[in-house]
Amino acid sequence: QVQLVESGGGLVQAGGSLRLSCAASGLTFSRYDMGWFRRAPGKEREFVAAIPWSGGITYYEDSVKGRFTISRDNAKNTVYLQMNSLKPEDTAVYHCGARGTGALRIPGSYRYWGQGTQVTVSS
């Protein structure tokens, strides 16, 4: 049974930082491209960042470039999202996903999802 479990969310003031983790089990983690998405209240799930199975070139949504960093540790079956200079508009539930086939930035390309972790940024 595949499980993706996110952690590290919370309440932080604008300008602060959080580090999200996503621990994977039940799959060969090192073979999967991984992504982070977020869903704000009343909005669709949107792409945040992605990293290929090899940990090479990373991809970011424009609004988080320079503030967020995605990384992975295949030995620990974990993908991370370091979030700095947080803004109130970053408030959302953050989900990690393991990609099946399709474009990295499209939610439908992801085969497995975690339940999400809430990030709330106060102004």
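Small disclaimer: the values here were computed from a predicted structure and weren't measured.
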Angle class for the Trp113/His95 ring planes (parallel below 30°, perpendicular above 60°, tilted otherwise)? perpendicular

Considering non-hydrogen atoms only, spot the tightest contact between Ser17 and Gln82 and give its length. CB-NE2, 4.0 Å

Identify whether the distance between the nearest side-chain nitrogen and carboxylate oxygen of Arg39 and Glu46 falls below 4.0 Å. no

Hey, are Lys65 and Asp62 close enough for a salt bridge, meaning a charged N less than 4.0 Å from a carboxylate O? yes

Tyr80 vs Arg72, side chain to side chain contact (heavy atoms under 4.5 Å, CB included): CA-CA, chis, key distance, verdict: CA-CA 6 Å; Tyr80 304 97; Arg72 66 189 295 159; 5.8 Å; no

In Å, rounded to the nearest 0.5 Å, how long is the span from CG of Leu27 to CG of Leu4? 6.5 Å

Do Arg67 and Met83 make a side-chain contact, defined as non-hydrogen atoms from C-beta onward lying under 4.5 Å apart? no

Using a 6.0 Å distance limit plus a 45 degree cone around the ring axis, check whether Arg99 lies over the aromatic ring of Tyr112. no

Phe37/Tyr110 under ring pair (Phe, Tyr, Trp, His ring centres under 6.0 Å): CA gap, chis, key distance, verdict: CA-CA 10 Å; Phe37 289 73; Tyr110 287 73; 4.9 Å; yes

Please determine whether the number of non-hydrogen atoms from other residues, nucleotides or ligands lying under 6.0 Å from atom CD of Glu89 exceeds 12. yes

Does the pair Ile70 and Tyr59 meet the rule for a side chain to side chain contact (heavy atoms under 4.5 Å, CB included), with working shown? CA-CA 8 Å; Ile70 188 171; Tyr59 304 85; over 6 Å; no

Same cluster or not: Leu20 versus Val5, using hydrophobic residues (I, L, V, M, F, W, Y) connected whenever any side-chain heavy atoms lie under 4.5 Å apart? no

hydrophobic_cluster_shared for Leu86 and Phe47, side chain cutoff 4.5 Å: no

When hydrophobic residues are tied together by side-chain contacts of less than 4.5 Å, even through go-betweens, does Tyr94 share a cluster with Val64? yes

Let me check something: do Val121 and Tyr60 share a hydrophobic cluster, defined by ILVMFWY side-chain heavy atoms less than 4.5 Å apart, either directly or through other members? yes

Rounded at 0.5 Å granularity, tell me how far OG in Ser30 sits from CG in Asn77. 7.5 Å

Any donor-acceptor pair under 3.5 Å from Thr117 side chain to Gly9 backbone: yes

Please check if the side chain of Arg111 supplies one atom and the backbone of Gly97 the other of a donor-acceptor pair under 3.5 Å. no

Using the rule that two of Ile, Leu, Val, Met, Phe, Trp, Tyr join whenever any of their side-chain heavy atoms come within less than 4.5 Å, decide whether Trp36 and Val119 are in one cluster. yes

